[in-house]
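Working notes, structure below.
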Amino acid sequence: MLIALKTWLHKVSPSRDPLEAYQQTGEDVYIEILINTYSQDLFHFLKGQSDGVLAQDICQKTWLTVVEKRHLYRNQQTPKAWLFSIARNALLDEFKKQNRLCALNEQYSDAVAQDTLENENGDLYQAILTLPFLQREALSLQLEGFSLQEIATITNSESETIKTRLRYAKQTLKQRLGDKHGE
């Protein structure tokens, strides 16, 4: 509610891209709008790729990067896609530091948080967590509402590669969930 009052007092135009406005002005009200708008989606995506603690750390790094490098934003992109690109790169950097990057394409990696598996009840969610990293990432981004082209941009991949990852992910989920519910 407090952010709503701050926004109202600053007379922020809702039709204006808050990331573009932040890039141009550097006013705190715009970064607050961005955080309120995208932080939950960003955390949810990161938690699906790692554990809760790492997801929180990467979220914080992402927002710090936005503050430090706001001049790099180009309004041809959607703000959400740019934020997810930053977060993905920070996550991959952290995986490299922890020597976990080599396990990203394995069928099931320890990069998936055990606490997430224990706290979530849904069969679908658990099945998604067992996908290889790149398939899980593409599917998670699609579930966040990104187009194929946006997913390709975020992951620095070709759109055909993304289509393939999504197809394999959906086939695997269909097989696993079909086997589980067919018993």
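Predicted, not measured: the structure shown is a model, and the values here were computed from it.
Interatomic distance, Glu68 CD to His71 NE2, rounded to the nearest 0.5 Å: 10.0 Å. With values rounded to the nearest 0.5 angstrom, Arg136 atom CZ is found 6.5 Å from Leu129 atom CG. Taken from CG in Leu124 to CG in Leu143, the straight-line distance is 8.0 Å, to the nearest 0.5 Å. For the atom pair Thr62 OG1 and Arg88 CZ, the distance stands at 12.5 Å (nearest 0.5 Å). In this structure, Thr37 OG1 and Leu19 CG are separated by 11.0 Å, a value rounded to the nearest 0.5 Å. Summarising the geometry, atom CD1 belonging to Ile128 is positioned 5.0 Å from atom CG belonging to Leu139; distances are rounded to the nearest 0.5 Å.
For Tyr168, the OH atom is loosely surrounded, since the number of other residues' heavy atoms within 6.0 Å does not exceed 12. Within a 6.0 Å radius of CD in Gln40, no more than 12 heavy atoms belonging to other residues, nucleotides or ligands are found.
Gln49 and Ser140 form a side-chain donor-acceptor contact under 3.5 Å, judged by distance and modelled atom types alone.
Side-chain contact check for Thr65 versus Asn89: every heavy-atom pair is 4.5 Å or farther apart. In this structure, the side chains of Gln23 and Arg74 come closer than 4.5 Å at one or more pairs of heavy atoms. Side-chain contact between Gln149 and Thr153: present, with at least one pair of heavy atoms (C-beta onward) separated by less than 4.5 Å. Contact annotation: the side chain of Ser50 approaches that of Leu91 to within less than 4.5 Å [non-hydrogen atoms, C-beta and beyond]. Residues Thr161 and Thr155 have side chains not in contact (no heavy-atom distance under 4.5 Å, counting atoms from C-beta outward).
Pairs passing the ring-ring contact (aromatic ring centres under 6.0 Å, His included) check and including a residue from residues 139-163, sequence neighbours excluded, read Phe84-Phe146. Pairs passing the salt bridge (Lys or Arg N to Asp or Glu O under 4.0 Å) check and including a residue from residues 52-67, sequence neighbours excluded, read Lys61-Glu94. Listed by first and then second residue, the salt bridge (Lys or Arg N to Asp or Glu O under 4.0 Å) pairs that reach into residues 162-171 are Glu160-Lys163, sequence neighbours excluded.
Annotation for Tyr125 and Gly48: closest pair OH-CA, 4.2 Å, computed over non-hydrogen atoms. For Ala138 against Ile151, the heavy-atom pair with the smallest separation is O-CD1, 3.8 Å. The nearest pair of heavy atoms linking Ser157 to Ile162 is CB-CD1, 3.9 Å.
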Leu131 and Arg176: side-chain contact (heavy atoms from CB on, under 4.5 Å), yes or no, with the steps?
CA-CA 10 Å; Leu131 292 171; Arg176 287 186 185 156; 4.3 Å; yes

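Without hydrogens or angle criteria, Lys80 side chain to Glu144 main chain gives a donor-acceptor distance under 3.5 Å.
Exactly one residue among Leu64, Leu83, Leu42 makes a side chain to side chain contact (heavy atoms under 4.5 Å, CB included) with Cys59. That residue is Leu42. The only member of Val66, Ile86, Asp17 that meets side chain to side chain contact (heavy atoms under 4.5 Å, CB included) when paired with Tyr73 is Asp17.
Residues satisfying the salt bridge (Lys or Arg N to Asp or Glu O under 4.0 Å) criterion with Glu150, sequence neighbours excluded, are absent altogether. With sequence neighbours left out, the salt bridge (Lys or Arg N to Asp or Glu O under 4.0 Å) criterion links Arg70 to no other residue. By the side-chain contact (heavy atoms from CB on, under 4.5 Å) test, Ile35 pairs with Ile31, Ser39, Trp63, sequence neighbours left out.
Phe43 and Val67 are members of different hydrophobic clusters when ILVMFWY side chains are connected at heavy-atom separations under 4.5 Å.
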